[in-house]
2 protein chains.
Amino acid sequence: MSVNGVIAAYIHVRVMLEGRMPARQTSRPRARQTPKARSYHHGDLRRVLIDAALQLAAEGAEVSVREAARRAAVSPGAPFRHFPNRDALMAAVAGEAQRRFRAEIEGAMGEAPVADPLGRFRAFGLAYLRWAMRNPAHFEIISTGRYFAHGSSAELTRDNAELIALTERILAEAAEQGLLRPADLKRIQIAGRALVYGFARMNLDGHFPRWGVEEGEIERMAEGVIDLFIAGIAKP
Amino acid sequence: MSVNGVIAAYIHVRVMLEGRMPARQTSRPRARQTPKARSYHHGDLRRVLIDAALQLAAEGAEVSVREAARRAAVSPGAPFRHFPNRDALMAAVAGEAQRRFRAEIEGAMGEAPVADPLGRFRAFGLAYLRWAMRNPAHFEIISTGRYFAHGSSAELTRDNAELIALTERILAEAAEQGLLRPADLKRIQIAGRALVYGFARMNLDGHFPRWGVEEGEIERMAEGVIDLFIAGIAKP
DNA sequence: CCATTATGTAATCATCGATTACATTTGGAG
DNA sequence: CTCCAAATGTAATCGATGATTACATAATGG
């Protein structure tokens, strides 16, 4: 094993152990021709940290700053150059997850007929639940507010308000077209949201086994629950 | 300052810093006449730890084994004589909280007229939500399954199953009396639970500010949401 | 070209859950 | 009553984590 090999192995071990990438370049202090080669500065560490944290969450692992740093092959203190604390990182992660959530829902809404408010309402609920059940860790992060202070992610707040406004418009249309039994619209809106949120969280929090609902039945049950609710608010 | 004074001050500092209560008795190695005086053995540390943890949760603080030990004036390792790990402590805490939750709900149900299934269903939902909103930290612990492995608290599992069976009976009675629109009972049951669970968690997770619902309106909104749901499943 | 700023590293702290070896108490067998 | 074993608490220690500080290196713009 050459001297460089030994050094490389040493670096590898350190990377395995702690994820640190020593500043030492094996040769040529300035490798101009390969700007992609990891240099002392990372490139876009902020972005990479968010992605690493998202992936950690998706794997069901606990999101720790150090682990994200390890995956970015960077020292444990480096993330704090981009986020004042762990919560700020989580807020950024939540912002990204919420963006995807909103995109998914709005995509599904685009396929529902504009002229059918209750159909759109149903599509909203279904898209909401499908995403929540297929991205449980991300849904947890954006909904719980346990990982960072409320409102510390402007993106999350904005996208959330947008989704609330969307259901508000849909229900208003349904009411205008005389599709609803008489009831306070805000109450319907909140009840509907509580229903899907509660269903998503029952899944997330592992309640369904004790309700005797098998894994494969959950999506069908979600549909049934939404339909039950809509039948309850719709004019007979 | 006397020598004993110095020792007392030293002890005090250690208690302040780490919450440890040294075994050293200022005199009389065996104080028979006061069995309550803290001796080397604690008496019922297990119980005290659970209560300390419950109180920590109620204060909104993070529940840590060390902090519970501090409050019990015991060394950081002592709790592990009673709980194999942190999760086991949390499971015991959850068991205790769930016991209170069930007692509260069954108490409220006792006041509802037996002959009115839908009224009992409504009372169940209201009691559920009231307790959840007035004991947010306890509700969080018993519902989330984030603090300990599923099913590691037999008490929690049993009480939970009991509550599920209760709503099942109530709905069956309602159906027998012809009070319900035709629908799958299990679907109604799960939808109802998702509704109240979702509402409770929206409150817990701080969603209501962004829905424009003030603190004082929440209980009224809870009532409205439950009534909306019942009106939806009841035969017109 | 150089200085200012941005970004990463190294070293260090306090806290936490957990484990181990040791100390003290308690309770039962003889 | 005595003595020993089991139960229970203490002390010391480990590894992981979030966080902070001083320092090193790169990037940028006048």
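Note on naming: letters A, B, ... go to the chains in the order of the sequence lines (proteins, then strands), and numbering restarts at 1 for each one.
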Phe229(A) meets the ring pair (Phe, Tyr, Trp, His ring centres under 6.0 Å) criterion, sequence neighbours left out, with none
Test: side-chain hydrogen bond (donor to acceptor under 3.5 Å, both in side chains). Region: residues 217-226 of chain B. Which pairs qualify, not counting sequence neighbours? Arg122(B)-Glu223(B), Arg130(B)-Glu219(B), Arg134(B)-Glu219(B)
Enumerate donor-acceptor pairs with a distance under 3.5 Å from any side-chain N or O in residues 189-203 of chain B to protein atoms, sequence neighbours excluded.
residue: Gln189(B); atom: NE2; partner: Ile164(B); partner atom: O; Å: 3.0
residue: Gln189(B); atom: NE2; partner: Thr167(B); partner atom: OG1; Å: 2.9
residue: Tyr197(B); atom: OH; partner: Asp205(A); partner atom: OD2; Å: 2.4
residue: Tyr197(B); atom: OH; partner: Ser143(B); partner atom: O; Å: 3.4
residue: Arg201(B); atom: NE; partner: Asp205(B); partner atom: OD2; Å: 3.4
residue: Arg201(B); atom: NH1; partner: Ser143(B); partner atom: OG; Å: 3.4
residue: Arg201(B); atom: NH1; partner: Thr144(B); partner atom: OG1; Å: 3.1
residue: Arg201(B); atom: NH2; partner: Glu140(B); partner atom: OE1; Å: 3.1
residue: Arg201(B); atom: NH2; partner: Asp205(B); partner atom: OD1; Å: 3.2

Give me, pair by pair, the N or O atoms of the protein and of nucleotides 15-19 of chain C that are less than 3.5 Å apart, along with how far apart they are.
residue: dC16(C); atom: OP2; partner: Arg70(B); partner atom: NH2; Å: 2.9
residue: dG17(C); atom: OP1; partner: Val65(B); partner atom: N; Å: 3.2
residue: dG17(C); atom: OP2; partner: Val65(B); partner atom: N; Å: 3.1
residue: dG17(C); atom: OP2; partner: Arg66(B); partner atom: N; Å: 3.2
residue: dG17(C); atom: N7; partner: Arg66(B); partner atom: NH1; Å: 2.8
residue: dG17(C); atom: O6; partner: Arg66(B); partner atom: NH1; Å: 3.4
residue: dA18(C); atom: OP2; partner: Arg86(B); partner atom: N; Å: 2.7

Phe83(A) CZ to dT20(D) P: how many Å, rounded? 15 Å
May I ask you to decide whether Glu106(A) forms a salt bridge with Arg102(A), counting only side-chain N to carboxylate O separations under 4.0 Å? yes
In whole Å, what is the span from the CD atom of Glu62(B) to the P atom of dT17(D)? 15 Å
Within the 4.5 Å heavy-atom criterion, are Lys186(B) and Val213(A) side-chain neighbours or not? yes
Just say parallel, tilted or perpendicular for the rings of Phe101(B) and Tyr128(B), cut-offs at 30° and 60°. perpendicular
Would a distance-only check, ignoring hydrogens and angles, find a side-chain to backbone donor-acceptor pair under 3.5 Å from Arg86(B) to Val63(B)? yes
What parts of residues 45-58 of chain A reach DNA chain C, counting only heavy atoms under 4.0 Å away? Leu45(A)
Does dA6(C) have OP1 or OP2 under 4.0 Å away from a side-chain N or O of His82(A)? no
Non-neighbouring partners of Arg100(A) that pass salt bridge (Lys or Arg N to Asp or Glu O under 4.0 Å), sequence neighbours left out: Glu96(A)
